[in-house]
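Report on one structure; see the data block that follows.
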Amino acid sequence: MTGIANSQLLQAVALLGAAVLVVPIFRALRLGAVLGYLFAGVLVGPFVLGWFTDPEAILGLAELGVVMFLFVIGLEMRPARLWALRRTIYGLGLVQLAACGVALTAVAWALGAAPRIAFVGAMGFVLTSTAIVMQLLSESGELNQPSGQKVVAILLLEDLIIVPLLAVVAWMAPAHESSATGIPWLAAFTGLGCLLALLAAGRWLLEPLFRVLARSKVREVLCAGALLVVLGAALLMQVGGLSMALGAFLAGVLLSQSSFRHQLEADIEPFRGLLLGLFFLGIGMALDLRMVSEHLLFVLLGVVAMMLVKALAIYGTGRMLGDTHVEAMDRALLMPLGGEFAFVLYASAAASGLMSQEDNARFTAIVVLSMAFAPLARTAARHFMPKATRPVGRTDVPPCLTGSILMIGFGRFGQVVSQSLLARDVDVTVIDTDVEMVQAASDFGFKIYYGDGTRLDVLEAAGASKARVIAICVDSHSDADTIVDLSKESFPGATLMVRTYDREHALRMTAKGITAQIRETFESALRFGTMALVQLGASPGEADAIAEVVRRRDAERFARELDGIDWATAGLANFKRPRPAPWTTPAHQTRPSDTLP
C-alpha cells in the first residue's frame, strides 16, 4: 500500500515538475503555455521517459479542467449576449462546419481511408479543441473582442454537434441493423430531459442555494458549492449523453446574472488552471510515437493536409460571409486543429466496429499533432500578418462619462456615494459580503454582486485591473487596510478612494499614500453642528463660516500629526478658544435660554 502511495506521489511530483520546468521556457520563447504543456506530456509519457503508462487515466481526471474552463466562459456569456450571437452560431458556424466537413472528408479519402472511415475521421477533426483555442484567446486578450466572440459562438456549436455525430456513428455502424430501433429515440429524450432539468435548476435553485451558503460565512462551503454546481451540471449532461463541457457552460450562463458570479469565478479559478494544464499534459502523453513512426507518411501528410485544408475552408467561409481578410485569416490560423471531442468520436466508432483500432490510432495521432503544431504555426504566421486596426471615432468613446469604478462595500456610506455616481451615469460595479444587502438591492432593481474584497482573486474577477477608481467603502478599517495593500500592489493604475474609520485610520491611510480619503463621521458631524448654530439664531452664512474655520484648523492639525507632532500638542498649538461675541436675537425670536425656568 505504501509503495502504491509512493508511486502516486512520485507521479504527481513528476507532472508538476515537468510543468514547472518546461512551460516557463516555452512562455519565455513566446511559444505559449499550451505547447509547453503538450511537450512536457510527450516527455514524461510512455514513449519517451516512460514515467506514465496510462495517459487515459490522466485525461479522465484532467477533462474536469475543460469543464471548469467552460463554466468560467459561461459566467461571462449572459443570456442576452448569447442571444446576440445567434446569427454567428447558426450562420457562420453552420456554414463553416459544413464546409470543413466536406473538404476534410475529401482529404481523408484521398489519403486512402474508406469513405465511412474518412467521414468519421474528418468530422472528428472538424471539432476544434475548445480548451486550446480558449486558452490562446485568453493569453492574447482577444476573448472579449468581437472576433473572439465569433470563435466562442462557433466552438459552442461544435460542442452541440457532437451529440448528432455520435448518433450518426451509431447508425453507420455495421451492427446497426441488429440494434433496437427505440434506443436512439430513448437517448434523445434522455438528453432533452437532462437539459431541461439543468435549465430548471439554474432558474429556480442556484441563486437561493448560494444565498444560503454565503450566509454561513465559511469560504470553504461556498467554494464547495461552486464545485458542486460545475461538476453536477457536467454529470447531468453526461448522463443525458451530452457533452460535460456543454453542461458546465450552460451552468455558467445560468449564473452569469447571479449576484455571486465574481465570487464563483474566483473560487473556481485555481482548480480550472491546474486541471486544464493537466489536460494538456495528458494530450501530450496520449501521442503514440511508435504508431507515428510505423505510419509516418500517412500521419505527417494527414496533419499537413488536414490543417491546411481546414484553414482554407475557414478562411473562405469567413470571406464569403463578409469578414475582412485579417479577420478571416486570424480565425483560420486559430482553428485549423482537431479537438478533444475527436477522441470521443473515434472511440465510439472503434467500439461499434465502424473504425478499426489502427485507424483510430492513426487519426488520433493526427489530431494530437495538430493540437501541438497549431499554436506554433499561429505564432509564426502572425509575425507576417498586418495588425488589425480598430476604427477610431465615436465607437471608441467609453459607455460612461468618467470611467469605470469598482466599489467595495454597499452599506449606508456606499449607498450615498453611489447616488452621485449613478446620477452622472457612471458605470459602477459593486461587491459586498452582506447577503441580505445583495438581496435587498436586487429587490429594488439595483444590481450588486456578492464578493469578498479582501481577496485578490475576487478583486481581479470583479474587474479591478480595468477600473479607473477603486472606492473602498467597507465598515471595517482592518478590511480597508487589507484591500488598500492588495490594490496598491496589484492595481497600481487605479486611483484608490477610502472611507476611513477615524482620525488614526485616516493618518494610517495618508501614510500609505492614499490622498483621496475621508473620515466617515467628520463631515456629517460638522454639518450637524452647523445646523445647530442656525437653530440657535446664527445666520446660515455665519454658521458656514464657522464650519470652514473648524475644517481648516482640523486640516492644519492633521498636517502637524503627519509631521510627527503628537495629537495633543498639535491640538493645543492650533486651538484658540474664540472670544464670545454678543448674541444677537431677532426681536420676534426668543433665545432658547430665555425659555428655561
Side-chain angles (χ1 to χ4, degrees), residues 38 41 45-47 54-60 62-63 66 97 100-101 103-132 158-176 238 241-246 279-280 282-292 294-295 298-303 305-307 309-310 335-374:
L38 292 173
F47 305 103
D54 187 12
E56 294 296 329
I58 299 294
L59 281 173
E63 191 176 357
V66 181
L97 193 71
C100 291
L104 292 174
T105 299
V107 170
W109 193 10
L111 288 173
R116 289 189 176 188
I117 297 175
F119 172 77
V120 175
M123 295 311 296
F125 202 89
V126 167
L127 303 178
T128 310
S129 173
T130 301
I132 290 180
E158 292 179 356
D159 282 349
L160 290 170
I161 211 69
I162 183 63
V163 180
L165 279 178
L166 289 172
V168 169
V169 165
W171 178 77
M172 293 173 61
H176 169 68
Q238 188 180 46
L242 303 173
S243 162
M244 290 196 301
L246 175 62
F279 174 79
F280 295 134
I283 293 296
M285 293 181 207
L287 182 61
D288 190 338
L289 296 181
R290 294 175 187 169
M291 194 283 308
V292 170
E294 292 174 1
H295 303 273
F298 180 91
V299 171
L300 292 182
L301 284 177
V303 172
M306 297 189 84
M307 288 183 66
V309 169
K310 185 177 181 181
M335 304 181 69
L337 66 157
E340 48 273 4
F341 290 131
F343 308 140
V344 178
L345 190 67
Y346 297 160
S348 176
S352 64
L354 179 62
M355 178 183 281
S356 68
Q357 292 297 334
E358 182 179 347
D359 289 329
N360 180 14
R362 292 196 299 176
F363 279 105
T364 296
I366 290 174
V367 170
V368 172
L369 287 175
S370 74
M371 295 169 76
F373 291 155

Between Met306 and Gly121 the two heavy atoms that sit nearest each other are CE-O, 4.2 Å
Ser129 to Met371 - nearest heavy-atom pair and separation: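 Closest pair (atom of Ser129, atom of Met371, distance): OG-CE, 3.7 Å.
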Heavy-atom distance under 4.5 Å between the side chains of Lys310 and Val107, does that happen here? no
Side-chain heavy atoms of Tyr346 within contact of Val367, under 4.5 Å: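 Yes, their side chains come closer than 4.5 Å.
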Among all residues two or more places apart in sequence or in another chain, which pass the side-chain hydrogen bond (donor to acceptor under 3.5 Å, both in side chains) test with Glu294?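 By the side-chain hydrogen bond (donor to acceptor under 3.5 Å, both in side chains) rule, Glu294 matches no residue at all.
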Just jot down the side-chain hydrogen bond (donor to acceptor under 3.5 Å, both in side chains) partners of Thr364, sequence neighbours excluded, or say none. Asn360
Output yes when a side-chain donor or acceptor of Glu158 lies under 3.5 Å from a complementary backbone atom of Leu127, and no otherwise.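 A pair under 3.5 Å: no.
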Looking at Gly338, is its backbone amide N or carbonyl O close enough to the side chain of Ser370 to form a donor-acceptor pair, meaning the two atoms are under 3.5 Å apart? yes
Just verifying a value: how many Å separate Cys100 SG and Met335 CE, rounded to the nearest 0.5 Å?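 That separation rounds to 8.0 Å.
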Straight-line distance of Trp109 CH2 to Arg116 CZ, nearest 0.5 Å: 13.5 Å
Please enumerate all residues that pass side chain to side chain contact (heavy atoms under 4.5 Å, CB included) together with [X], with sequence neighbours excluded.
| X | value |
| --- | --- |
| Ala113 | Ile117, Ala118, Phe363 |
| Leu369 | Leu287, Val299, Val303, Phe373 |
| Leu301 | Leu111, Leu297 |

Summary of salt bridge (Lys or Arg N to Asp or Glu O under 4.0 Å) pairs that have at least one residue in residues 346-356, sequence neighbours excluded: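 For residues 346-356, and leaving out neighbouring residues, there are no salt bridge (Lys or Arg N to Asp or Glu O under 4.0 Å) pairs at all.
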Side chain to side chain contact (heavy atoms under 4.5 Å, CB included) between His295 and Glu358, worked out: CA-CA 10 Å; His295 303 273; Glu358 182 179 347; 2.7 Å; yes
